[in-house]
2 protein chains.
Amino acid sequence: MDKRKRLILHAIIQDYITSAEPVGSRSLVKRHQIDLSPATIRNEMADLEEMGYLKQPHTSAGRIPSPKGYRFYVNSILGDPSPAPEDLARVEELISAAGISLSNNPRQLARLMASVTNYLSLIAEPSDTIQEIRHINIIPLSAASAICLVVLSDGSVRHHSLSIPEGVTPREIKALSDFIDNRLQGVQLQHLDSRLLHSLKTEFAGNLRLIDDIFFLFQHALAAAGQELVMDGATNLLKEPEFKNVEKVRELFRTLEQDEQILKLLVSGSSHLEDLDIKIGPEMGLESFTDCSLVVATFTLRDRKITLGILGPARMHYAKTIGFIRWLREYFSSGGS
Amino acid sequence: MDKRKRLILHAIIQDYITSAEPVGSRSLVKRHQIDLSPATIRNEMADLEEMGYLKQPHTSAGRIPSPKGYRFYVNSILGDPSPAPEDLARVEELISAAGISLSNNPRQLARLMASVTNYLSLIAEPSDTIQEIRHINIIPLSAASAICLVVLSDGSVRHHSLSIPEGVTPREIKALSDFIDNRLQGVQLQHLDSRLLHSLKTEFAGNLRLIDDIFFLFQHALAAAGQELVMDGATNLLKEPEFKNVEKVRELFRTLEQDEQILKLLVSGSSHLEDLDIKIGPEMGLESFTDCSLVVATFTLRDRKITLGILGPARMHYAKTIGFIRWLREYFSSGGS
DNA sequence: TGTTAGCACTCTATTATGGCGAGTGCTAAT
DNA sequence: ATTAGCACTCGCCATAATAGAGTGCTAACA
């Protein structure tokens, strides 16, 4: 991918973000004062398509970005210093209008986020009744499968099946089970994040073959438990042309009603604590979200892990959204109420 | 309205409820084995239309019920003994699957209601932090207008403007203000219902000209405060043909996101405690709900006033819905967890 | 060798057109 | 009072025609 291709790809994505229409070679040249003829652009576009960054809705239409294209774009702007929200004045006005206790009132914060971004906002935070892990046990069922049992402090039991990699012995499983049980007993669910699991992993002396699967399972299966979900601005998504037909809207809302699923999506990101976690369309693994993207930030406030998310169309204005959500995190981290 | 007209109206409404298509004279005769010719039915239909119970989407289409038609229908079946939910077995199974603590977990109850009715379910209950009235004051601004101030126990102040009926003197206003302030101080918002207000009204000795307005204001403006709203099953509405176009869906959801407004709608019904409160389309006073109806039941459980609502299309299956919600209330009132 | 102009072609979206069918209102007969 | 008959209305749907945007390819150009 040479520099010119990158430039063109960016231009196409930016155009598509604002217009939501397939971008043609001619209009691209016009809008961006590129010193090339449409024909040249067409050649480059054909290349980019072959490389998987673009696609054509049909022959003789312009190009639209593929998920891979968005991914490339996002990765390349992620390093940029992110701007404060454009309408910072408005945001601060909203914050002060909402009172000083935004962080205590997730609904209000969610409303603020939705209204600033014009997308759907999501907030996950530990529920008031703090759940901790009582007991963990991995029980081999056969040579190739096992069940992982987790007992929580409210007495509820969760169980999930596991497949065992070849060559892992029952004795090793037992060792792992004991180790994990030993270390995670008493841990609050909200503290069960990738950092903790990572440090456990480096500490564990036994067979590592199974441990990743287990941890993956923890992150996905337990992430949601003990978390409260708040969302706002669902209607914002309905403005987007990708949701012109009601069928898609229905699927979207049907998924949004599954709190558990959404929570998993929010909390299961890996790179959380460092920076943002951005999931593009298919990366979310939810049929009805294929045309959406999710930007997630996590931070800790008064020992509570708060997760903020913005769900918009895959066509979302990434720079703005990233800037805003980084700003928000900064705001709260630096003592902003 | 003679008996035959009533019969025909009922038949039309029932057909329309199931088919969602304008009902023609011929198909009506067929489906209901009526001993009249289509022509006769047509005459009756024309009458019913003239009386305002039916309307025609356009010339040469069948008839559909008007809000007035629904109202008539609902009033006439409201007296009928309401059947237990058809799929009682399924309901009880769901209840037991959800555990015994339904009334502690409004989200689960909401899910149950949505899944049984296939409409949108709403639940309002007092929020954990119980708010009470600290102070009420009516301040005349001019001869024709005043402001009513209400201070709540969390320190927040609500103010609403009022217009003063002609001939009410400032002194009378003062008397009323003092009376209300005196009687409502310390009253929890959740207890501020029509029964209480009604009894206050009979007790008040002064000029009654203003009191209705004030009480109306209380019910509408304060009803929402201190109540928590839970809803589920929004997607169910999207199945209905009235929400085929996205514009309507957007308006609908936009309104649904205004918790305060919905709470008012739920809690402001007058006949609450006796039986059900049913609002049909325009009666709700919300543009985006003109094609919907709302069935509301209220009951008290462990001294907490719980309000249950089902929001469906105006075309909703009233008998079923009424039966279900009555059954639910009965279930909880008779000690069902 | 990379770039560009030109051109034929493809495909969608939009508009116009012409039945089809369900349903009505009216009139005249029962 | 009821009904059969009939001309008429109107939305719905499929088909056809048109316009427009954009492409890929080829040949010429710097």
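Here is how names work: the chains are called A, B, and so on, in the same order as the sequence lines, proteins then strands, and each is numbered from 1.
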Has the side chain of [X] got a donor or acceptor that lies under 3.5 Å from a partner of the other kind on the base of [N]?
X	N	answer
B:Arg42	C:dG25	yes
B:Ser60	C:dT24	no
B:Ser37	D:dT3	no

Atom pair distance, as rounded to whole Å: CD1 in B:Ile64 and C1' in D:dG11: 14 Å
Protein-nucleotide distance (B:Ile41, atom CD1; C:dC26, atom P), rounded to Å: 17 Å
Between B:His58 and B:Leu36, the residue closer to the 5' end of DNA chain D by nearest nucleotide is B:Leu36
Verify the contact: side-chain N or O of A:Ser25 to OP1 or OP2 of D:dG22, cut-off strictly under 4.0 Å; return yes or no. no
Would you say A:Arg26 reaches D:dG20's phosphate, i.e. side-chain N/O to OP1/OP2 under 4.0 Å? no
Which atom of B:Leu122 lies closest to which atom of B:Met231, heavy atoms considered: CD2-CB, 3.5 Å
Which nucleotide in the set C:dG25, D:dG22, D:dA4 lies at the smallest distance from any side-chain heavy atom of A:Ser27? D:dG22
Closest to the B:Thr59 side chain, choosing from C:dA5, D:dC10, D:dT3: D:dC10
Is B:Asp275 paired with B:Arg326 through a side-chain N to carboxylate O contact shorter than 4.0 Å? yes
So for atom CZ, which belongs to B:Arg26, do other residues, nucleotides or ligands contribute more than 12 heavy atoms lying within a distance under 6.0 Å? no
Describe, in one word, how the ring planes of B:Tyr16 and B:Tyr70 are oriented to each other, choosing from parallel (under 30°), tilted (30 to 60°) and perpendicular (over 60°). tilted
Please compare B:Asn43 and B:Gly62 by the position of their nearest nucleotide in DNA chain C and report the one closer to 5'. B:Gly62
